[in-house]
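Written out below as C-alpha cells is the structure these notes cover.
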Amino acid sequence: MVPGTICYRRRPAPAQRDANGLRHSAPHPVRSGGVSEPEYTNSTPGGDAISGSGLVAEKARRIARVDQLRADGVEPYPYRFDRTHSAAEVRAAGADLEPGTETDVAVAVAGRVMLKRDSGKLVFLTIADRGVDVQLFVSKAVVGDDAFAGIKALDRGDWVGVHGTVMTTRVGEISIKVERLELLSKSIRPLPDKWHGLTDPDTRFRQRYADLVVNADARRVFEIRHAIIASIRSTLVARGFIEVETPVLHAELGGATARPFITHHNTLDMPLYLRIATELHLKRLIVGGMDRVFEIGRTFRNEGMDTTHNPEFTMMESYEAFTDVHGVMELTEALITNAARDSLGTTLIDVAGEQVELTDPWPRVRMVDLASEAVGETVHPSQPVDHLRAIADRHGVHCDKAWGSGKIIEELFAELCEKSVVRPTFVTGHPVEISPLARLDPDDPHLTDRFELFILGKEFANGYSELNDPVDQLQRFEAEQAARDAGDNERGTIDLDYVRALEYGMPPTGGLGVGIDRLVMLLAGVDSIKDVILFPTLRPEANPQ
RNA sequence: GCCCCUCUAGCUCAAUGGUAGAGCAGUGGACUUUUAAUCCAUUGGUUGUGGGUUCGAGCCCCACGGGGGGCACCA
C-alpha cells in the first residue's frame, strides 16, 4: 500500500462495525474522582481537563457531551435504527437528477460522520456507509433550532441515522435533505487525519479499526481478499467439491515440515499441536469416500516472520479422487484465474511490472532441468551425493551433511533458480526425498508426480498425485523418521493411523494446497503479508492509549 | 542472531547543537449550497525509554523498547 495514495476524499472510507467498544460507564471519571485512570485526569495546568486540548481533554469533552445528552433525555447509544436505503442506493436514486433538484423520495440512512462543513445556518455532513459516502444537507430552518444545535455538536466519527429526502445541491452533489437526525453512537476518540489518514504501519496494524475507517486502500484489500476466497469456494463447489472442517488441535504432527506451536489440554493432560497442515485429515476423508473435499483454514507455523510469513496464515487444501497431478495443475490455473476475474474484474495482472495474462497456459518445467541449466551440467537425484555436493560447493550453495541427492537438488533450485521464476510457472518433478506424501513419477522412480507453483520467486501452491500405496507410505514415513533420528529435526514422524487409513484403500487422488494470503498479496498488489491479514501477529503494546 | 532506517501534539509533518513549530482535529466567533468549505481568534508537548557528552541535546554518543527493511537461520 502506498501511503501517499491514502486519503478519505479520493476513495471513500468504509463504515466498519466497531462502535461497540465505545460503551462508557457513568459516572464520569473527570468529575466523580472515583476513578484513578490517568488518561482521564487533568493534564492542563490551571484548568479542568475539558477546557484544554490533546487526547485526554478531547475524550473528557466528548464524555461530558455524552453525560449532557443523557441529562437532556437523549440516549447517545441507542439500540437500533431501521434504515430504508444504503448510501449507495441513495446515490443510485439521485444519479439522474439535475443540480438543484429536490425530490419527495423519502429515505432513512445510517453512517459514520466523516466530514463536517458548517456554514452558519446550513451544515453539510459527509457520512460513510459501507465504503460509500453521501452528503447530508442540514438546514436550521428545516430541523429546528434545538436539533440544529445538536447536529452542530456532532464530531467526526459519530454514527448517525437520518430521515430525509433525496436532493441535489446547486453544484449537483447528491444529498439527503435531513428532516430528523438521530445519534446512533457517540465517538469519544478523535479519528485520524481526515486527509492523510493513518500512515504509520505500526498504528495501522495495531488499530486496524481506525485504519479501515480512514484508509480506503486498506478496506479495498480486504474486499479483494473476500472476493478471492468466495471465488475459490464457488469454483470448487461448482466442480463438486464439498467444504469440510478438520481439527486445528493435532495430537500428531504431519502434512508438512515445519516447527509447530505446542499447547496443552487440561482434562486430557496432554500436549497438542496447532496444525501445520490439513493434508492428512483431508486424505482420510478421501479414503472414507468423500471423493472431493476442501478446507480453507488457518494453519500455524512457529517460525520466522517477514513480508511473506505470518505465524498464522490461511491455506486452501483440496483433494480430488480419480485425478492426478495434471488434473490438479489444471484446477490450480482455474482457481487462480477465476479468483483474479472475480476479485479484480480482469485476468490481466501486474507481476513485478510485467503484464501477465493468466488465461495463457502456465509453463511447466521440471525442477531437475532448471537446476541443471543453472549449474551448467545435468543434475539428477540418481547421481551420487558426493557428486552433487561438489557441484553445490562450486556454486556456493551450502548443503547440510544429512542431506541426500534429492534435497541437494532442491537446494540448488532454491538458491539458484527460485527467485528468477517471476511469471506463473509450475515447477514439477520434485525428488522423492523431499516429497514423502507424493507418488512417484511413472517415468522416473527418482522423481515424484508433483508441482509447486512459483510466481514472483515465491511458492504459491503445491500439489501432487497423492501416494496411496500403504506399504510405500509406511516406508517413506520410516525414511522420514530415520532422517529425523539422524539429526534433521524438521523431518516428519510415522503417522500409523494415517497408514491404517490408507490400508482401507484410497483411490487415485490429486491434492492441492494454496497459500491464500500470498495470493491476495499478488492480486491486490501489496508487498507485505501484514497488509492482507486484518490483525497480523505483533508484539503487544506496552501501554495502549 | 547481525546490519540499516524510523519513533516530535489525537492525526499528518517541520525544526544548522541555541526559546519545540505548522496544517488538520479541538475550543470561541462569522457565514443558508459547502466539497480537505472558508475567514478571525485560540488551547494543546516528559520529542519512544534510560543514561552520557556539552555552557546548552528533538538533533551527537551508548543501552533498551516498538515498528519497517535487508541478511542469516529455518522451510
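The figures that follow rest on heavy atoms only: side chains count, while hydrogens, waters and symmetry mates do not. Here is how names work: the chains are called A, B, and so on, in the same order as the sequence lines, proteins then strands, and each is numbered from 1.
- For B:rC74, neither phosphate oxygen OP1 nor OP2 lies less than 4.0 angstrom from any side-chain nitrogen or oxygen of A:R259.
- Between B:rC61 and B:rU46, the two P atoms lie 25 Å apart (nearest whole Å).
- Taking atom C1' in both B:rC60 and B:rU42, the straight-line distance is 37 Å, to the nearest Å.
- Residue A:R117 has its side chain nearest to B:rU35 when only B:rA36, B:rG70, B:rU35 are considered.
- Comparing the C1' positions of B:rG29 and B:rU16 gives a spacing of 41 Å, expressed to the nearest Å.
- Note that the CZ atom of A:R450 and the CG atom of A:L437 stand 9.0 Å from one another [nearest 0.5 Å].
- Between B:rC7 and B:rU53, the two C1' atoms lie 23 Å apart (nearest whole Å).
- Rounding to whole angstrom units, CG of residue A:L125 and C1' of B:rA36 are separated by 15 Å.
- Between A:R298 and A:E312, at least one side-chain N (NZ, or NE/NH1/NH2) sits under 4.0 Å from a carboxylate O, which counts as a salt bridge.
- Comparing B:rU12, B:rG69, B:rC74 by their closest approach to the side chain of A:S528 singles out B:rG69.
- Between A:D155 and A:R61 there is a salt bridge, since at least one side-chain N of the basic residue sits less than 4.0 Å from a carboxylate O of the acidic one.
- You'll find that the side chain of A:K194 is closest to B:rA37, out of B:rA37, B:rU12, B:rU27.
- Residue A:H196 contributes atom NE2, which lies 11 Å from atom P of B:rA14 at whole-angstrom precision.
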With both pairing distances under 3.5 angstrom for Watson-Crick or G-U wobble, and | for a partner in another strand, the correct string for RNA chain B is (((((((..((((....[..)))).(((((.......))))).....(((((..]....))))))))))))....
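- The interatomic distance linking A:R189 (CZ) with B:rG10 (C1') rounds to 8 Å, in whole Å.
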Given side chain to side chain contact (heavy atoms under 4.5 Å, CB included), test A:T169 with A:Q135 step by step and report yes or no. CA-CA 10 Å; A:T169 62; A:Q135 177 169 275; 3.5 Å; yes
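- The base of B:rG23 lies close enough to the side chain of A:D193 for a donor and an acceptor atom to sit less than 3.5 Å apart.
- Atom P of nucleotide B:rA37 and atom CG of A:L115 are separated by 5 Å, given to the nearest angstrom.
- Using a 4.0 Å heavy-atom distance criterion, A:T203 is classed as making no nucleic acid contact.
- For the pair A:F451/A:T428, a side-chain contact is recorded, criterion being any heavy-atom separation below 4.5 Å from C-beta on.
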Just the table, please: protein N/O against nucleotides 29-33 of chain B N/O, every pair under 3.5 Å.
unit_1: B:rC31; atom_1: N3; unit_2: A:D118; atom_2: O; d: 3.3
unit_1: B:rC31; atom_1: N3; unit_2: A:G120; atom_2: N; d: 3.1
unit_1: B:rC31; atom_1: N4; unit_2: A:D118; atom_2: OD1; d: 3.3
unit_1: B:rC31; atom_1: N4; unit_2: A:G120; atom_2: N; d: 3.3
unit_1: B:rU32; atom_1: OP2; unit_2: A:K121; atom_2: N; d: 3.3
unit_1: B:rU33; atom_1: O2; unit_2: A:R170; atom_2: N; d: 3.1

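- Atom CZ of A:F454 and atom OG1 of A:T425 lie 10.0 Å apart (nearest 0.5 Å).
- Across all strands, A:K530 comes closer than 4.0 Å only to sugar-phosphate atoms, never to a base (heavy-atom distances).
- Taking the six-membered ring for Trp and the full ring otherwise, the centers of A:F137 and A:F124 sit less than 6.0 Å from each other.
- At B:rC13, one or more side-chain N or O atoms of A:T199 fall inside 4.0 Å of OP1 or OP2 (strictly under the cut-off).
- Across the protein-nucleic acid pair, A:H398 atom NE2 and B:rC71 atom C1' stand 16 Å apart, rounded to whole Å.
- No contact: A:R301 has no heavy atom under 4.0 Å from any strand.
- Between A:R91 and A:E173 there is a salt bridge, since at least one side-chain N of the basic residue sits less than 4.0 Å from a carboxylate O of the acidic one.
- The phosphate of B:rG67 has OP1 or OP2 within less than 4.0 Å of a side-chain N or O from A:R539.
- Between A:G172 and A:L538, the one whose closest nucleotide on RNA chain B sits nearer the 5' end is A:G172.
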What verdict does the side-chain hydrogen bond (donor to acceptor under 3.5 Å, both in side chains) test give for A:E317 and A:T278, after you've listed the backbone C-alpha separation in whole Å, the side-chain angles of each residue and the deciding distance to 0.1 Å? CA-CA 7 Å; A:E317 290 195 39; A:T278 52; 2.9 Å; yes
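- Rounded to the nearest Å, the gap between the C1' atom of B:rA15 and that of B:rC2 is 34 Å.
- A salt bridge does not link A:R476 with A:E480: none of the charged nitrogens is closer than 4.0 Å to a carboxylate oxygen.
- Taking every heavy atom of residues 446-455 of chain A and every atom of RNA chain B, no pair lies under 4.0 Å.
- For A:D485 and A:Q481, the side-chain atoms include at least one donor-acceptor pair closer than 3.5 Å.
- Side-chain polar atoms of A:H430 and A:E410 form no donor-acceptor pair below 3.5 angstrom.
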